[in-house]
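Because only heavy atoms are used, hydrogens play no part in the values below, and waters and symmetry mates are left out as well, while side chains stay in.
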Amino acid sequence: MLQVAVLKENTAAMLAALAKRHYPTAEADVQAVLDLDQRRRELQTSHDQAQAEANELARQIGGLMKSGQKAEAEALKVRTGELKQQTKTHSDELADTEQLLQQLLYKLPNLPHESVPAGRGADDNEVVREWGTKPELAADAKPHWDLIEQYDIIDFALGNKITGAGFPVYKDKGARLQRALINFFLDEARAAGYTEVQVPILVNEASGYGTGNLPDKEGQMYHATADDLYLIPTAEVPITNLYRDDIIATERLPIRNTGYTPCFRREAGSWGAHVRGLNRLHQFDKVEIVHITQPENSYAALEVMVAHIEMLLQKLELPYRVLRLCGGDMGFTSALTYDLEVWSAAQQRWLEVSSASNFETYQANRLKLRYRPEAGGKTQLLHTLNGSALALPRIVAALLENNQTAEGIRLPEVLHSYCGFDTIGG
């Protein structure tokens, strides 16, 4: 959530930044925020003045009663009653104004970092670098949805039977490969200095608002209405909310956590080959990394996170590229996002497997997540970051497609000890 003080002090710069996102009602919404903030300040001043006058009159009434001047005291009591009604009216209107202001601020996306390209969609994203050699497959190479059927390792029909489309059942070596990848990703994160946490996969509304998933992605989240809880779209939500309403001691910074969770998203995409098989699911597994640090350190931290994700892909021997997302393609809460995509040799296209983002103070302002730079000093908002390290479905798709041979699917060496096998089929 953007800070009103920043919007007020740098209105023109903020509008220019929102224009990079192609946010259509930026000028009207920012002006509405400033108008409501001004009204809130006026109401607060009127409330405080009436309260101060009432307190002074109460002091005077006490003195008059002690001196026997009851008539004068009764006259002041009439005024005190008027002031009491005024403060109640002010309080009610102030609460309504603050609620409207909060709702407007929830609508405004984060401001993009100065390095974000000014594009409208995926075609305008900037390729930062590529790694690896794209494999050359045989003419009869198969896409992963045919390979999983051939080797009977994932069953979409069974998932559809027990739940619905987008909820696959992993079988035999398919299930073992899932577990192997999760353990590999967690082990690598812990080796890189992240503390592993196991968190709930249902969160309350406050947690959804804390990370900016609500109200922005309300229609994409599964909502257990009887208990007013949401199935998480990513582990970022519960892991970051571990620190909601906290003032973090400087010596605890940076905070670096990792966690595995299943993830749930209602919008699984449109019909077609680009969402076929494992390309897009309603339920999938992911290991997340979350970083919380001082503002001056956050962009260096983002580069370290991206390097960690790249290291995982290199160990998996998957060709990949790193993209800097443009303003029009970036997530609602992000100030800067890098997407990492792996090459799918059978589909002949890039598949997104990770996003790493710096949210600057946007989430921290919602979370009231702060630190105190100096003992006894004023608290300041922290910066929050997160990245997928990694999401499994498209990693599995690329591993199956890129490593298919006439003798079966040969897995990268780093997974052999985790899987207990080195080949699927054959």
Side-chain angles (χ1 to χ4, degrees), residues 1-38 40 100-122 124-126 128 208-217 234 236-237 240 244 290-303 305-306 323-339 355-371 379-387:
M1 185 168 64
L2 299 180
Q3 299 174 67
V4 176
V6 177
L7 287 172
K8 188 175 181 180
E9 294 167 10
N10 304 281
T11 305
M14 301 303 99
L15 288 172
L18 289 171
K20 187 182 279 190
R21 279 187 170 273
H22 308 282
Y23 183 68
T25 58
E27 189 168 346
D29 288 350
V30 168
Q31 188 58 52
V33 165
L34 298 178
D35 290 344
L36 279 171
D37 179 61
Q38 179 62 31
R40 180 186 66 82
L100 285 172
L101 179 60
Q102 189 85 343
Q103 293 305 314
L104 263 179
L105 287 170
Y106 282 147
K107 283 179 58 180
L108 290 171
N110 201 359
L111 304 174
H113 186 261
E114 59 185 10
S115 67
V116 171
R120 288 186 173 273
D124 300 314
N125 293 334
E126 175 188 338
V128 178
Y209 273 93
T211 46
N213 299 85
L214 294 176
D216 179 54
K217 292 181 172 59
T234 167
E236 167 205 345
V237 181
T240 309
R244 176 157 40 95
V290 171
H291 200 122
I292 298 170
T293 191
Q294 296 98 324
E296 64 269 21
N297 299 330
S298 67
Y299 278 97
L302 180 61
E303 297 301 325
M305 293 173 73
V306 172
L323 305 176
R324 183 185 286 111
L325 298 193
C326 69
D329 198 36
M330 200 164 57
F332 184 84
T333 54
S334 176
L336 175 63
T337 294
Y338 291 107
D339 270 8
S355 285
S357 300
N358 187 348
F359 306 105
E360 295 189 359
T361 61
Y362 191 87
Q363 289 183 334
N365 194 28
R366 290 178 174 227
L367 295 159
K368 295 182 173 60
L369 172 54
R370 297 152 291 164
Y371 78 114
T379 60
Q380 295 183 25
L381 293 171
L382 286 159
H383 280 197
T384 63
L385 307 91
N386 86 282

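- Panel note: side chain N358, backbone L336; no donor-acceptor pair is recorded below 3.5 Å.
- Taking CD1 of I292 as the start and CG of L367 as the end, the distance is 8.0 Å to the nearest 0.5 Å.
- A heavy-atom distance below 4.5 Å is not found between the side chains of M14 and L2.
- A donor-acceptor contact shorter than 3.5 Å is absent between the side chain of H383 and the backbone of A364.
- Counting heavy atoms from C-beta outward, Q38 and D35 have side chains that stay 4.5 Å or more apart.
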I would like to know whether Q3 and L381 meet side-chain contact (heavy atoms from CB on, under 4.5 Å); could you show each step before the answer? CA-CA 10 Å; Q3 299 174 67; L381 293 171; 3.6 Å; yes
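- By the 4.5 Å heavy-atom criterion applied to side chains, N386 and T211 are not counted as neighbours.
- Between the OH atom in Y371 and the OG1 atom in T379 there is a gap of 10.0 Å [rounded to 0.5 Å].
- Taking OG1 of T240 as the reference point, atom CZ of R366 lies at 12.5 Å (rounded to 0.5 Å).
- For D124 (side chain) and R120 (main-chain N/O), a donor-acceptor pair under 3.5 Å exists by modelled atom type.
- M1 has its side chain within reach of Q102: a pair of non-hydrogen atoms, C-beta onward, lies under 4.5 Å apart.
- Using a 4.5 Å cut-off on side-chain heavy atoms (C-beta onward), E236 and Q363 make contact.
- Residues L108 and Y23 approach most closely at CD2-CE2, 3.7 Å, considering heavy atoms.
- Heavy-atom contacts from other residues, nucleotides or ligands closer than 6.0 Å to CD of E114 number 12 or fewer.
- Taken to the nearest 0.5 Å, the CD atom of E126 stands 9.0 Å off from the CG atom of L323.
- Residues Y299 and E360 bring a donor and an acceptor atom of their side chains to less than 3.5 Å of each other.
- Of the possible polar contacts, none joining the K107 side chain to the D29 backbone as a donor-acceptor pair under 3.5 Å is found.
- Scanning all heavy atoms of the two residues, the minimum distance from P112 to M330 falls at CB-CE, 3.7 Å.
- At least one side-chain heavy atom of L18 sits under 4.5 Å from a side-chain heavy atom of L111.
- Between Y209 and Y106, the ring planes lie tilted relative to each other; the angle falls in the 30° to 60° range.
- In this structure, E27 places its CD atom where only 12 or fewer heavy-atom neighbours from other residues, nucleotides or ligands lie under 6.0 Å away.
- Of all heavy-atom pairs between S115 and H113, the closest is OG-ND1, 2.8 Å.
- For the atom pair CG (N365) and CG (L382), the distance works out to 12.0 Å, reported to the nearest 0.5 Å.
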Using the side-chain contact (heavy atoms from CB on, under 4.5 Å) rule, take N125 and D339 through it: C-alpha gap first, then chi angles, then the decisive distance, then the call. CA-CA 9 Å; N125 293 334; D339 270 8; 5.6 Å; no
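- Closest approach of H291 to T293, counting heavy atoms only: CD2-CB, 3.8 Å.
- The backbone N or O of T333 sits less than 3.5 Å from a side-chain atom of N110, completing a donor-acceptor pair.
- Among all heavy-atom pairs drawn from R21 and S334, the shortest one is NH2-O, 2.6 Å.
- Residues L385 and M305 come closest through the heavy atom pair CB-SD, 3.7 Å.
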side-chain contact (heavy atoms from CB on, under 4.5 Å) for V6 and T361? Distances and angles first, verdict last. CA-CA 11 Å; V6 177; T361 61; over 6 Å; no
Let me see the working for V33 and L105 under side-chain contact (heavy atoms from CB on, under 4.5 Å), right down to the final yes or no. CA-CA 7 Å; V33 165; L105 287 170; 4.0 Å; yes
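- Taken to the nearest 0.5 Å, the CD atom of Q31 stands 10.0 Å off from the CG atom of L36.
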